[in-house]
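Structure record follows, encoded as structure tokens.
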Amino acid sequence: MTAARPASAPERQRDPERTRTEILDVAAREFARLGYDGARVDEIAALTRTTKRMIYYYFGGKEQLFVAVLERAYTEVRKAEAAIDVDHLAPLDAIRRLAELTYDHHLDHQDFIRLVSIENVHEAQHLRTSEVLANLGAPAIDLITRILTAGKADGSFTTDVDAIDVHMMISSFCVFSVANRHTFQTLFDRDLAGADRRAHYRTMIGEMVVAYLTGVGRPVV
């Protein structure tokens, strides 16, 4: 009589959402570290509790995985912006708060800046394939438009500027602080993203935007 084989340990139940999140977490780090061309799906699989085949099952391929990483990164920025209760803030306070929050988010999510920089190297070819990203800029512009409209109505803002320009102004400062951190420090011996400078630059971007919108600077034609 053949001895009964011992029962094998039950296979770990896979949580699809948890697996997908884990893949995105690792993929974001690898793409940010190595770029789109340098990152390898095999290595991403090795760093997660899954397989290359499973990654392709969830995302379809390397390009789709990169797009999913970008979609999540941009969505997180929009969620942070949406948390600002502009309806209960004076326009000056609202735009200052938005600038400060954007600065905080960029410094706390530096891989996001690297991913955006990488996508610019590729001339946004991946971003253009995403239906999600095609409309993801609208909430940010709508939010700033609401603040600008309220500020012009109550006389707080005197500069004639549109929401896209204000968005660019805020983003430029915040992105530069991360994207040019190492070259700037080498040239000027100052760490733009250092903890000792954070409060200073956080205040600086808020006041820059307020000063511009209240007409302290020379009007732009």
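FYI, side chains are in, hydrogens and waters are out, and symmetry mates aren't considered; it's all heavy atoms of this structure. Note that the coordinates shown come from a computational prediction; the quantities given were computed from them, not determined experimentally.
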key: Minimal non-hydrogen separation, Ala99 against Gly206, with atom names   = CB-CA, 4.0 Å

task = Look up atom CZ in Arg97 and atom CD1 in Ile84, then write down how far apart they are to the nearest 0.5 Å.
result = 6.0 Å

task = Kindly work out whether a path of hydrophobic side-chain contacts (I/L/V/M/F/W/Y, heavy atoms less than 4.5 Å apart) joins Phe173 to Met168.
result = no

inquiry  = Looking at every heavy atom in both Arg114 and Asp111, which two are closest together, and how far apart are they?
reply    = NH1-OD1, 2.8 Å

inquiry  = Tell me whether Asp142 is salt-bridged to Arg78, with the criterion being a basic N under 4.0 Å from an acidic carboxylate O.
reply    = no

remark   = Looking only at heavy atoms, the pair that brings Val69 and Ala27 closest together is CG2-CB, 3.9 Å

query = For Glu81 and Leu98, which heavy atoms make the closest approach, and how far apart are they?
reply = CG-CD1, 4.0 Å

key: Gap between atom CD of Glu30 and atom OG1 of Thr48 - 0.5 Å precision   = 10.5 Å

key: Donor-acceptor contact present, side-chain Arg96 to main-chain Val209, <3.5 Å   = no

inquiry  = Give me the atom names and distance for the closest heavy-atom approach of Val178 to Leu107.
reply    = CG2-CD1, 3.9 Å

inquiry  = Please check if the number of heavy atoms outside His88 that lie under 6.0 Å from its NE2 is greater than 12.
reply    = no

query = Is it the case that Arg197 places NZ or CZ above or below the six-membered ring of Tyr201, under 6.0 angstrom from the centre and within 45 degrees of the axis?
reply = yes

Shared hydrophobic cluster, Phe176 / Ile118 (ILVMFWY, side-chain heavy atoms < 4.5 Å) = yes

task = Begin with the C-alpha distance, continue with both residues' side-chain angles, and end with the deciding distance and a verdict on side chain to side chain contact (heavy atoms under 4.5 Å, CB included) for Leu133 and Leu136.
result = CA-CA 5 Å; Leu133 291 173; Leu136 211 54; 3.8 Å; yes

key: Asp189 atom CG: more than 12 heavy-atom contacts under 6.0 Å   = no

inquiry  = Please determine whether residues Tyr56 and Val67 belong to a single hydrophobic cluster, defined as Ile, Leu, Val, Met, Phe, Trp and Tyr linked transitively by side-chain heavy-atom distances below 4.5 Å.
reply    = no

inquiry  = So Lys152 and Asp160, do their side chains get closer than 4.5 Å, heavy atoms only?
reply    = yes

task = Give, for atom CG of Asp165 and atom OG1 of Thr159, the distance between the pair rounded to the nearest 0.5 Å.
result = 11.0 Å

task = Scan for ring-ring contact (aromatic ring centres under 6.0 Å, His included) pairs involving residues 109-144, sequence neighbours excluded, and state none if there are none.
result = Tyr36-His122, Tyr36-His126, Phe66-His126, Tyr74-Phe112, His105-His109, His106-Phe112, His122-His126

key: Check: Lys62 side chain, Ala39 main-chain N or O, donor-acceptor pair, under 3.5 Å   = yes

task = With rounding to the nearest 0.5 Å, note down the distance linking CD1 in Ile205 to CD in Glu100.
result = 9.5 Å

ask   = Gln64 and Phe59: which non-hydrogen atoms are nearest, and at how many Å?
value = CB-O, 2.8 Å

request  = Would you confirm whether Asp93, through its side chain, and Leu89, through its main-chain N or O, come within 3.5 Å as a donor-acceptor pair?
outcome  = no

query = Are Thr19 and Ile23 side-chain neighbours, meaning at least one heavy-atom pair lies under 4.5 Å?
reply = yes

ask   = Going by side-chain heavy atoms closer than 4.5 Å, which hydrophobic residues are tied to Ile164, directly or by a chain of links?
value = Ile141

remark   = So NZ of Lys52 and CG of Asp42: to nearest 0.5 Å the spacing works out to 4.0 Å

task = Check whether any side-chain N or O of Arg190 sits under 3.5 Å from a backbone N or O of Leu187 as a donor-acceptor pair, and report yes or no.
result = no

